[in-house]
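All remarks here apply to the structure that follows.
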Amino acid sequence: MCGIVGIVSSSNVNQLLYDALTVLQHRGQDAAGIVTYQDNRFFLRKDNGLVRDVFHTRHMRRLVGNVGIGHVRYPTAGSSSSAEAQPFYVNSPYGITLAHNGNLTNADELSSDLFRTDLRHINTNSDSEVLLNVFAHELQKQGKLNPTKDEIFTAVRAVHKRCRGAYGVIAMITGYGIVGFRDPNGIRPACYGVREDENGQKEYMIASESVALNAAGFTLVRDIAPGEAVYIETDGTLYTEQCAENPKLYPCIFEHVYFARPDSIMDKVSVYKARLRMGETLAEKIQRERPEHDIDVIMPIPDTSRTSAMQMAHELGVKYREGFIKNRYIGRTFIMPGQKMRKKSVRQKLNPIDLEFRGKNVMLVDDSIVRGTTCKEIVQMARDAGARKVYFASAAPPVRYPNVYGIDMPSANELIAHGRTVEEVGELIGADWLVYQDLEDLITCVNDVNDDIDGWECSVFTGNYVTGDVNEAYLGKLEDMRNDEKRSSGQMMDSDNGIIDLHNDEN
């Protein structure tokens, strides 16, 4: 999962891009990058690390220009090197940089076609570089010295025809502007907003989440529709066009469960309201199944589950308490590679307040249970702090299948709920009893005022992939890539070898 942003302004955009990336930092903590444009040149800075660590004053001073794009990422399988930090760049045609959130399910096939037919070289393992070269090739095929919106939208149409999977994209074309588009299923999010400068000139921002627009003073116009492209010229002229033949809106439901910030609006759905409803439906399930429950206190696992836990406590008439203090300088354990690293980081990240646990029957609430590593450690921490009984609730249904659309979720055999009953999972994590959200209830929670939503991408819960091209062979290959043992033993390809990083300011 990654965060993307692009801005066309009447003044320098370096600080705006930096601020937007800090707001989107929750979407990726592995690497960050910004590229700006001025005087027919790109100025690029990208590296591994948090936004605050990648960009120093000397870098910001060199990122000049009124147009730019930015990216934050976390590593997917086999791609944790700095060579895969984005945005990516190609010099032909025109000079194009691109930032991508998602995953192409036919990346290998496309990479081969690009080499054999399009005569383009892919220098990393990243499907984002593949997508960039597909877009660049389709734009170049039109042979225009000065591309108009028509050529750019034609290139996006060709991208939709060639690329499968999920993608939210922002690309910058030297001297012309930025273009943002979503995959024809709208799996990955993207929206755009507008504001006026002191002279009344319109400035535009495209971003993964609306919260990035709000923080910079932009007003959300709307989400980019599935298959749609938004093109903003350097003078601020905006064009939009539907570029997919049969677009359907199937947003990723896990955005609302875990990834998105609660203050974001995605496809007209408030993430905060959705999480409130998750707490309500969990409470209703407990009241149905355990009307004589003996829960003394409900506690969230900070931070994502806080909204659901608070509403759950309200509905059940049970005390809500913050029982864990979070160290905010530790990364998300979901993202961390290696089981030992994840297990160790849980106790570094969370510290219990013994007073809140001692002698109580505690219901812990988390947004989801993936590997179960975090949950097991937290349940034990609650017992060590003196809890009499420890119950556990997941705001999401059992995660039983890998994600192929840009979330680096483990292979199926690493998912604690894969092939197990709820009771077996509860026993493995050490809880006295465990309750999961029902999928039907989760879908009810995220369905809101948007009648354009055709359905939800729920493959991690159901194993049904909306693009229709994911088979056992693909999942088997994915499992090999995401196997923790192979990752830790160094069997993954190292794409640092021979990298040529054009215009990258490393100093």
Side-chain angles (χ1 to χ4, degrees), residues 2 4 33 35 42 44 46 69 71 73 76-79 81 83-144 147 151-174 179-184 187-188 227 229 243-245 404-406 467 469-471 473-474 477-478 481 492-504:
C2 302
I4 56 176
V35 58
F42 282 146
L44 170 66
K46 61 179 183 176
I69 65 176
H71 187 268
R73 71 182 286 275
T76 53
S79 60
S81 74
E84 313 233 339
Q86 297 185 38
F88 282 116
Y89 166 83
V90 289
N91 65 355
S92 178
Y94 318 116
I96 303 173
T97 61
L98 178 142
H100 165 223
N101 171 34
N103 182 61
L104 302 183
T105 53
N106 64 334
D108 290 345
E109 174 189 330
L110 286 170
S111 184
S112 177
D113 289 346
L114 284 167
F115 178 73
R116 297 178 183 278
T117 306
D118 300 349
L119 306 181
R120 285 180 172 268
H121 171 66
I122 304 301
N123 200 50
T124 70
N125 293 326
S126 175
D127 63 327
S128 303
E129 190 188 10
V130 171
L131 198 156
L132 167 60
N133 277 272
V134 170
F135 177 66
H137 178 75
E138 295 301 332
L139 197 54
Q140 188 169 15
K141 275 172 56 177
Q142 299 172 67
K144 293 293 183 71
E151 285 75 45
I152 291 168
F153 290 146
T154 298
V156 175
R157 287 191 192 92
V159 169
H160 290 329
K161 290 178 179 178
R162 293 183 66 178
C163 297
R164 298 195 302 269
Y167 46 91
V169 174
I170 301 177
M172 180 164 59
I173 306 170
T174 308
V179 56
F181 54 93
R182 289 173 81 181
D183 62 85
I187 299 172
R188 297 271 71 89
C243 298
E245 293 179 353
V404 302
Y405 299 126
T467 52
D469 60 339
V470 178
N471 53 30
Y474 182 90
K477 183 177 180 181
L478 198 66
M481 293 178 66
M492 300 309 301
M493 291 179 63
D494 181 0
S495 55
D496 269 335
N497 296 327
I499 186 66
I500 301 173
D501 204 354
L502 297 174
H503 301 290
N504 191 12

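Proximity of a side-chain donor or acceptor of D127 to a complementary backbone N or O of A107 within less than 3.5 Å is not detected. Distance alone, capped at 3.5 Å, places no donor-acceptor pair between the R188 side chain and the R182 backbone. Between the E84 side chain and the N125 main chain, a donor and an acceptor come within less than 3.5 Å of each other.
Between F42 and V35, the shortest heavy-atom distance links the atoms CB-CG2, 3.9 Å. The two residues T174 and I96 make their nearest non-hydrogen contact at OG1-N, 4.5 Å. N101 and I4 make their closest contact through N-CG2, 4.1 Å (heavy atoms, listed as atom of the first residue, atom of the second, distance). The heavy-atom pair separating L98 from S128 by the smallest distance is CD2-O, 3.8 Å. Nearest heavy atom pair, residue A155 against residue F135, reads CB-CE1, 3.8 Å.
Residues meeting the side-chain hydrogen bond (donor to acceptor under 3.5 Å, both in side chains) test with N133, sequence neighbours left out: R120. Scored by the side-chain contact (heavy atoms from CB on, under 4.5 Å) test, Y474 finds N103, T105, V404, V470, N471, L478 as partners (sequence neighbours excluded).
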Table please: side-chain donor-acceptor pairs of residues 158-171 below 3.5 Å, with sequence neighbours left out.
unit_1: H160; atom_1: ND1; unit_2: Y167; atom_2: OH; d: 2.8
unit_1: H160; atom_1: NE2; unit_2: G227; atom_2: O; d: 3.1
unit_1: R162; atom_1: NH1; unit_2: D118; atom_2: OD2; d: 3.1
unit_1: R162; atom_1: NH1; unit_2: E138; atom_2: OE2; d: 2.8
unit_1: R162; atom_1: NH2; unit_2: D118; atom_2: OD2; d: 3.0
unit_1: R164; atom_1: NE; unit_2: D469; atom_2: OD2; d: 2.9

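Checking E129, H100, K46 one by one against Q86, the side chain to side chain contact (heavy atoms under 4.5 Å, CB included) holds for a single residue, H100.
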